[in-house]
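Inspection log for the structure reproduced underneath, given as structure tokens.
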Amino acid sequence: MPDKPSLDGLEAKWVDVWDESGVYHFDRTKSRSEIYSIDTPPPTVSGSLHIGHVFSYTHTDTLARFQRMRGKSVFYPMGWDDNGLPTERRVQNYYGVRCDPSVAYDPDFTPPAKPDPKRQVPISRRNFIELCDALTVEDEKVFEDIWRRLGLSVDWRYSYATIDDNARATSQRAFLRNLARGEAYMAEAPTLWDVTFRTAVAQAELEDRERTSAFHKVAFHRDGGESVVIETTRPELLPACVALVAHPDDTRYQELIGRTVRSPVFGVEVPVKAHHLAEPDKGSGIAMICTFGDLADVTWWRELQLPTRPVVGWDGRIVSEPPEAVAAAGGAEAYSRLVGATVHTARERMVELLRESGDLLAEPEPTTRPVKFYEKGDKPLEIVTTRQWYIRNGGRDTSVREALLARGRELDWYPDHMRSRFEHWVEGLNGDWLISRQRFFGVPFPVWYPLDDDGNPDYDSPLLPDESRLPVDPSSDAPEGYTEDQRGRPGGFTGDPDIMDTWATSSLTPQVAGGWERDPDLFERVFPMDLRPQGQDIIRTWLFATVVRAHFEHGSLPWQGTAISGWILDPDRKKMSKSKGNVVTPIDLLEKYSSDAIRYWAASGRLGADTALDEGQMKVGRRLAIKILNASKFALSVAGEDTPADPAAVTEPLDRSMLATLADVVEDATSAFQAYDHTRALERVERFFWEFCDDYLELVKARAYDSASPAAASARAALLIALSALQRLFAPFLPFVADEVWSWWHEGSVHGGSWPDAEEFRAAAREGDPAVLASASEVLRMVRKAKSEAKLSMRAEIERVAVRGKNVNHVRLAGDDLAAAGRAARLDLEATDETELQVEVSLPEAE
RNA sequence: GGGCGGUUAGCUCAGUUGGUUAGAGCGCUACCUUGACACGGUAGAGGUCACAGGUUCGAAUCCUGUAUCGCCCA
């Protein structure tokens, strides 16, 4: 035991000790009922770690430590989410390169010494992926160091990365099984498309942003009748117009429905249709349907069975060939003025064309409206018809939707109200889950297509690998029955060029970490897992997708419960996020206050509750940690060679009262933890600890020093018993300081020890009455108050303390201790009917 | 527009199934260096529980409405 205990250096010391002792190692010989398994969120390593991560991971760690001390073998692996677009972007910026699949592999490639983000060097896909692999390894090291320093009780032997062989094999296997059962399918369909990243995106990745645009009044014509005026914010899509649409009840357009009109400039005949989604009070009440301007166009196109006239290409520019109908109507020349232009420029040119033809009936009228964006993109999404892979998720299938909603009800949610986010998301799905991405760093689809004699792929007869070959890379591996030299040749094959959406891998973390089909013995012991901890922002993505995959593959939930952490708000109560630029990195705070102090702050935030970044709380945590050091030192130094404590030695009513109070605290903390309310557990333990220090320690101090008497032995035994409980109760929250003070008088880690059992303390208390300590504390407080008001030292001698009241007998049981702690020469007690204790303090005569 | 959650002391938050005078910490003020702790201790001041109705013997707590903040979805 050090003379002057300190928090400095505890992290470095204990991180190493824990690592060497393997105290957090998962014991895989245990049976399922003896195991607590956690499906840890793999953080995205391409971003910097911020204080919000520390917050939610600490929540999980307190639960893991509680379960471990309860005797469970805790399966608590850590993963890294390194596949996907965020890593690609980081590699591009970090090395100053970009992936160009048409470039050949250069085995000697070295990245530019001085990366120039404006002039990224085009490199082959394979070189690019090598750089991704290299950089993620570095990033993961940084993350792991911080996690260790924060004291996460992870078993690092089970770490995984979402791009590693196991994750790729698992993703491909699950996909092949989905495909075999018809849960995955390929379709050529209108797809939300990001023109910057040139990839399809899924519904879960969308966000609406307000954008300014303008209504353009445009005239369509008909022979022998008045022209029809529509209003559109996207005149550049006029060559893609396939129909006009009005509401069936709109009397203004009744006689038009079923006839045709002619588009301005291009002269294409298009039908006028009726559909209930047309909004009569919007604009002129009649709209043009283009392929495709927005999701309503897609609905109309599908339900009214209209033709397709695509004009926007994968790069967001107007395609070179006009739609056949435009060419046939003689609009090719006008169209040629739009070719190659971005959507924005094409709009300006189209307005010019309309002005020239006299079909723009008014000046464009500015407006703002929500526009769909890819959450990581900065250009509006276009809708492009492409061939993509999907997984069913209930978006267009009522029975799947009902089954998934039932899974949501089956899952335990902490806090419970988070379930509604899941339900609303599932109810609002409007299509299946699009899982293919036209990107590079990710899990490839394990699929090839045979080429016919003209070299065209036959998408209807995909070639699939045997599961034993996984993971495969169809861009470098050949399908069974083919050789590599048949790649791209007529009669040969071609690999599917796409990769899976990150979530298509992340949705399998229980399977990846749990050893599904790789280590069946492990999988059977940990799956379905006990807990999925995560943030509220990814309920619709990660949580939902994981439920979908487990539902299809295993016919079960992936876990029994989910613990949802809130946001971290900056001191101005704004959500902390990279885009707002208010992100705080944890490392400085960890250094300034200690890991335990940061954990204390994090553990003070309830599940589901947004929590402000509050350095004040960290300061409190630091003070608490120091107090634990000092109180432990005191109790141990007083107890001397009396360790281990003998419960039978606890005879004094005050000591028994304290242990009875402690038993209640243990009971409360235990049930709070079992209800996933770590905050309540901490609060109860902490409150008791301060009362223990301020009142109980002061009361028994003098008696405990008087080494000869049995009353002293009682105090010393009670001190040690309480200390043992407190150190263990704090262990999930403040693991460093808890193990430090534990090590002063025990072999082995407190984290491998047992969670206190209320009954043990109840027995040691031997029917002690909590009221004794409470009453003595109350009187002691009154004595202090009198001294404080008289501006006297707490050490000042006083002549007499008189206590009256109903419960004066409680005070009597601690009378000697009270007199000693208050330095009172006399303690007079008088039983009366008063419910409140009346305390009179006779101070010494003023000099 | 729909949904979810919040609104309690200057700040950050507790407040169990409705039950005496609404609690804690920080900050502030005063005092105290007492044999674990000055990286400390003790005490004090500080609140119309967002607002308006209602139910009840009794409401921070239950009901209705309003305001306001955050998030999600249209």
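Given the structure is predicted, the values throughout are model-derived calculations rather than measurements. Chain naming here is simple, since letters A, B, ... match the order of the sequence lines and numbering starts at 1 in each. No hydrogens, no waters, no symmetry mates; every other heavy atom, side chains included, goes into these values.
Screening A/W745, A/W742, A/W744 for a side-chain hydrogen bond (donor to acceptor under 3.5 Å, both in side chains) with A/Q727, the sole residue that qualifies is A/W745.
With B/rC4, B/rU12, B/rG25 as the candidates, the nucleotide lying closest to the side chain of A/A612 is B/rU12. Minimum atom distance to the side chain of A/K791 is reached by B/rA30, of the listed B/rA30, B/rU33, B/rC4. The side chain of A/H424 has B/rC4 as its nearest neighbour among B/rG70, B/rC4, B/rA74. Side chain of A/H417, nearest nucleotide from B/rG5, B/rC31, B/rG35: B/rG5. Taking the side chain of A/E683 as heavy atoms from C-beta on, and the options B/rG35, B/rA14, B/rC37, the nearest nucleotide is B/rA14. Between B/rG35, B/rC37, B/rC32, one nucleotide has an atom nearer to the side chain of A/S793 than all others, and that is B/rC32.
Note on A/K701: a side-chain N or O is less than 4.0 Å away from OP1 or OP2 of B/rA36.
Distance A/L607 CG to B/rG6 P: 14 Å, rounded to the nearest Å. The interatomic distance linking A/K619 (NZ) with B/rU12 (C1') rounds to 13 Å, in whole Å.
Taking the ring centroids of A/F55 and A/W567, they lie at or beyond the 6.0 Å cut-off.
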Which atoms of nucleotides 15-18 of chain B (N or O only) lie under 3.5 Å from a protein N or O atom, and what are those distances?
unit_1 : atom_1 : unit_2 : atom_2 : d
B/rU16 : O2     : A/R680 : NH2    : 3.4

I'd like a list of close polar pairs between nucleotides 40-44 of chain B and the protein, N/O only, cut-off under 3.5 Å.
unit_1 : atom_1 : unit_2 : atom_2 : d
B/rG41 : OP1    : A/K627 : NZ     : 3.4
B/rG41 : OP2    : A/R623 : NH1    : 3.1
B/rU42 : OP1    : A/D694 : OD1    : 2.7
B/rU42 : OP1    : A/D694 : OD2    : 2.7
B/rG44 : OP1    : A/K785 : NZ     : 3.3

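Interatomic distance, A/L589 CG to A/S594 OG, rounded to the nearest 0.5 Å: 11.0 Å.
Here A/H247 pairs with nothing under the ring pair (Phe, Tyr, Trp, His ring centres under 6.0 Å) rule; sequence neighbours left out. Partners of A/E691 by side-chain hydrogen bond (donor to acceptor under 3.5 Å, both in side chains), not counting sequence neighbours: none found. When the side chain to side chain contact (heavy atoms under 4.5 Å, CB included) test is applied to A/A821, the partners found at least two apart in sequence or on another chain are A/L699, A/L780.
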Under a cut-off of 3.5 Å for both distances of each Watson-Crick or G-U pair, what dot-bracket string does RNA chain B give, using [ ] for crossing pairs and | for inter-strand pairs? (((((((..((((.....[...)))).(((((.......))))).....(((((..]....)))))))))))).
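Nucleotides B/rG41 and B/rC4 are separated by 45 Å at their C1' atoms, to the nearest Å.
Between A/F634 and A/Y705, the angle of the ring planes goes over 60°, which puts this pair in the perpendicular group of the 30/60° scheme.
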